[in-house]
Amino acid sequence: MAKEVVVKIPDDVYESLGWKKDLAGEILKRLAAALYAERKISLGKAAQVSGLSYVAFLDVLAEMGITLNYDEEDLEEDLDTVRRLLAREGNS
């Protein structure tokens, strides 16, 4: 389920944006990036909101200068996962 929102943008602001092709897509992309940067939503959810693939959304974040929300705890979780996978592979 999704909510639909109607947004009115003054003509002069619209013209200054230069987003002639896909205004709704550009707004969703920027909203998703902002919510991700504020740590309101995950990277996967942000990609979904933007309507882009995971990889394409990573490119958007890079273009906008937004760094990944990845801290020491995330690193430890990833390392634990790798260790478990390697251990499982060694037991095969």
Side-chain angles (χ1 to χ4, degrees):
M1 184 173 260
K3 300 289 183 208
E4 185 173 330
V5 177
V6 176
V7 178
K8 293 184 180 185
I9 299 174
D11 289 339
D12 59 329
V13 172
Y14 174 76
E15 293 298 324
S16 70
L17 295 175
W19 302 339
K20 303 292 184 212
K21 288 188 214 171
D22 182 16
L23 180 62
E26 189 66 31
I27 289 170
L28 285 174
K29 187 168 57 173
R30 290 171 182 269
L31 172 64
L35 292 173
Y36 175 76
E38 294 172 10
R39 297 178 181 249
K40 303 280 187 194
I41 58 176
S42 68
L43 182 59
K45 183 58 74 175
Q48 182 183 3
V49 168
S50 74
L52 299 173
S53 70
Y54 188 85
V55 173
F57 188 71
L58 287 174
D59 289 340
V60 167
L61 293 178
E63 289 168 10
M64 297 178 81
I66 297 172
T67 58
L68 294 179
N69 298 333
Y70 193 83
D71 58 19
E72 193 172 328
E73 184 178 325
D74 294 324
L75 175 61
E76 287 300 324
E77 288 177 15
D78 287 347
L79 289 174
D80 287 342
T81 300
V82 169
R83 287 182 193 110
R84 280 194 307 275
L85 290 172
L86 289 173
R88 199 180 301 162
E89 193 174 285
N91 291 331
S92 300

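With side-chain heavy atoms closer than 4.5 Å counting as contact, directly or through intermediates, the hydrophobic cluster containing L86 also holds V82. Other cluster members for M1: none, since no ILVMFWY side-chain heavy atom sits under 4.5 Å from it.
Within a 6.0 Å radius of CG in D11, other residues, nucleotides and ligands contribute 12 heavy atoms or fewer. For E76, the CD atom counts as densely surrounded, since its 6.0 Å shell holds more than 12 non-hydrogen atoms of other residues, nucleotides or ligands.
One hydrophobic cluster, built from ILVMFWY side chains closer than 4.5 Å, holds both V7 and V13. Both I27 and Y14 are members of a single hydrophobic cluster when ILVMFWY side chains are connected at heavy-atom separations under 4.5 Å. Linking Ile, Leu, Val, Met, Phe, Trp and Tyr residues whenever their side-chain heavy atoms come within less than 4.5 Å leaves V49 and V5 in two separate clusters.
Across all their heavy atoms, I41 and A32 have their closest contact at CD1-O, 4.1 Å. Heavy atoms only, all atoms of each residue included: L43 and L68 are closest at CD2-CD2, 4.2 Å.
Scored by the side-chain hydrogen bond (donor to acceptor under 3.5 Å, both in side chains) test, D80 finds R83 as partners (sequence neighbours excluded). Under the rule for a side-chain hydrogen bond (donor to acceptor under 3.5 Å, both in side chains), T67 has no partner lying at least two apart in sequence or in another chain.
Among residues at least two apart or in separate chains, side chain to side chain donor-acceptor pair (under 3.5 Å) pairs with a member in residues 22-48 are E26-K29, E26-R30, K45-Q48.
Rounding to the nearest 0.5 angstrom, the gap separating the CG atom in D74 from the CG atom in N69 is 8.5 Å. With rounding to the nearest 0.5 Å, the separation of CD1 in I9 from OG in S16 is 9.5 Å.
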Cut-off 3.5 Å, no hydrogens considered: what does the side-chain donor-acceptor table look like for residues 51-65, sequence neighbours left out?
unit_1, atom_1, unit_2, atom_2, d
S53, OG, A56, N, 3.0

From CA spacing to verdict: side chain to side chain contact (heavy atoms under 4.5 Å, CB included), E15, D12: CA-CA 5 Å; E15 293 298 324; D12 59 329; 5.7 Å; no
